[in-house]
> 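I have a structure here, written as structure tokens, and I will follow up with some questions on it.
The analysis underlying the following values was restricted to heavy atoms, covering all of them including side chains, and did not include hydrogens, waters or symmetry mates. This is a predicted model, so every value here is computed, not measured. The first residue in the sequence is number 1, and the count goes up from there. Start at 1 and go down the list; that is how both ligands and their atoms are numbered.
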Amino acid sequence: MKNPPKVTIFDTTLRDGEQSPGCSMNLEEKVRLARQLETLGVDVIEAGFPIASEGDFAAVEAVATACRQTTIAALCRTTEADIQRAAEALRKAERPRIHTFVATSDIHLEHKLKKTRAEVLEMTRNAVRLARTFCGEVEFSAEDATRSDVDYLCEVLAVAIEEGAAIINIPDTVGYTTPTEYAELIRTIRERVVHDSDVTISVHCHNDLGLAVANSLSAIEAGARQIECTVNGIGERAGNAALEEIVMAMHVRADRLPLETNVRTQEIYPTSQLLSEIIGCPVQPNKAIVGRNAFAHEAGIHQHGVLSNPLCYEIMTPESVGVPNNRIVLGKHSGRHALSKRYDELGCLLTPIELDAVYVRFTQLADKKKSIYDQDILSLLPTGESTRINAFKTNGADAVVNEWAASGSYQ
Ligand code: KIV
Ligand code: ZN
């Protein structure tokens, strides 16, 4: 049987991700994250934009020195100075890639670059040609590709390939496209520009309409073979396509997306946590894959189902993405099964009648309190139950129980 095709995971957390407000990292933090990205198994780490600052230059150099297994990319515009600076920062890289970009949409040409289409075509030609003199692997990005005239876009991409770009990236810079439109664009580029060559089509989606992951996956179905993404989906404005969502979509739905990545999925959660800790930005609780609630179940019917068989309400195991365990959250929507299981875990076996009585008190408490802790659960037990107190002692809950027993506060 033929192996499924491979998709290259290009991580731009340290470049596009770091560009978002409140997400900046110092050199030591960048290297720490880069090492974890290497452990995660991404294929390419875009470490920075060397001409942008001394700090970015140093970060690219340091990441290139620290990470020897992964391709290290440095971003640059199409000017000679930019390209030289990127090449210099990559000097020590084991696997360097120069990533040069220029905008191709009329709106950017007219209002930002103040260049004609012919001039941008020449800039592309000269930039890729120069970059190739420094580096065997060159990627070219047509910024704002999804709002560019498709004939002109194809013309620019063809020139980049002619000059030796091995990867052509089609960014949805402003998060404007839709899955079907983007797939159509990728197919057009494949047919008109790439033909049967070895050139890789890459996609880079922003999340302004919340479609970055959907658009990236749609492009993969249309033949793209590199996805640019960031951990936790951080990035300019509404962010970039989230690495963890893309990888797990391909993993869980291999029946519809039969493609492989080199990502070790168990490293996803540790990577997400490390980034969050470094930038001091918590992950939203309901974030897919890595959010605190992604594997939490509070509704009684769901808890019962998950306790019987996790497959009832979980399409992947928490362990598969490195989350320690699924969390049964006790709250006002919880049922007897979950409550009984928690008592079991705390070392206390209740009879069905006792459970009924405790459950009534539990629902009354849950109506009043947002979060129910183990101390609350224990405090619901009747007084004078020495066997249970002993059980709690065995489980290390003695302080709580002693307090409860001494105060006699339980009613
Ligand atoms: O969004 C974008 O167009 C970019 C390019 C520089 C690849 O980040
Ligand atoms: Zn971007």
> With a 4.0 Å cut-off on N to O distance, would you call E155 and R117 a salt bridge?
no

> Go through ligand 1 atom by atom and flag the ones less than 4.0 Å from a non-hydrogen atom of E143.
3 (O)

> Hey, is H206 touching ligand 1 through its side chain, its backbone, both or neither, going by heavy atoms under 4.0 Å?
side chain

> Tell me if a side-chain donor or acceptor on D144 pairs with a main-chain N or O of S105 at a distance below 3.5 Å.
no

> With the Zn ion (ligand 2) at the centre, find the angle made by NE2 from H204 and NE2 from H206, to 10°.
100°

> Answer yes or no: is there a donor N or O on one side and an acceptor on the other, between the side chain of E244 and the main chain of N232, under 3.5 Å?
yes

> For ligand 1, indicate whether the residue R15 contacts it via side chain, backbone, both or neither (heavy-atom separation under 4.0 Å).
side chain

> Would a distance-only check, ignoring hydrogens and angles, find a side-chain to backbone donor-acceptor pair under 3.5 Å from S141 to F101?
no

> With respect to the Zn ion (ligand 2), please indicate if D16 possesses an N, O or S atom at a distance under 2.8 Å.
yes

> Any Lys/Arg nitrogen of R15 or D56 sitting under 4.0 Å from an Asp/Glu carboxylate oxygen of the other?
no

> Could you tell me whether E184 and R187 make a salt bridge, using a distance below 4.0 angstrom between a side-chain N and a carboxylate O?
no

> Among protein heavy atoms, which sits nearest to atom 4 (C) of ligand 1, and what does the distance come to when rounded to 0.1 Å?
H204 NE2, 3.5 Å

> With heavy atoms of D16 as the reference, note each atom of ligand 1 found under 4.0 Å away.
8 (O)

> Determine, considering heavy atoms only, which of G235, G175, S141 sits nearest to atom 7 (C) of ligand 1.
S141

> Note the single closest protein heavy atom to atom 3 (O) of ligand 1, along with its residue, its atom name and the distance in Å.
T173 OG1, 2.6 Å

> Can you see whether S148 engages T104 through a side-chain donor-acceptor pair at a distance of less than 3.5 angstrom?
yes

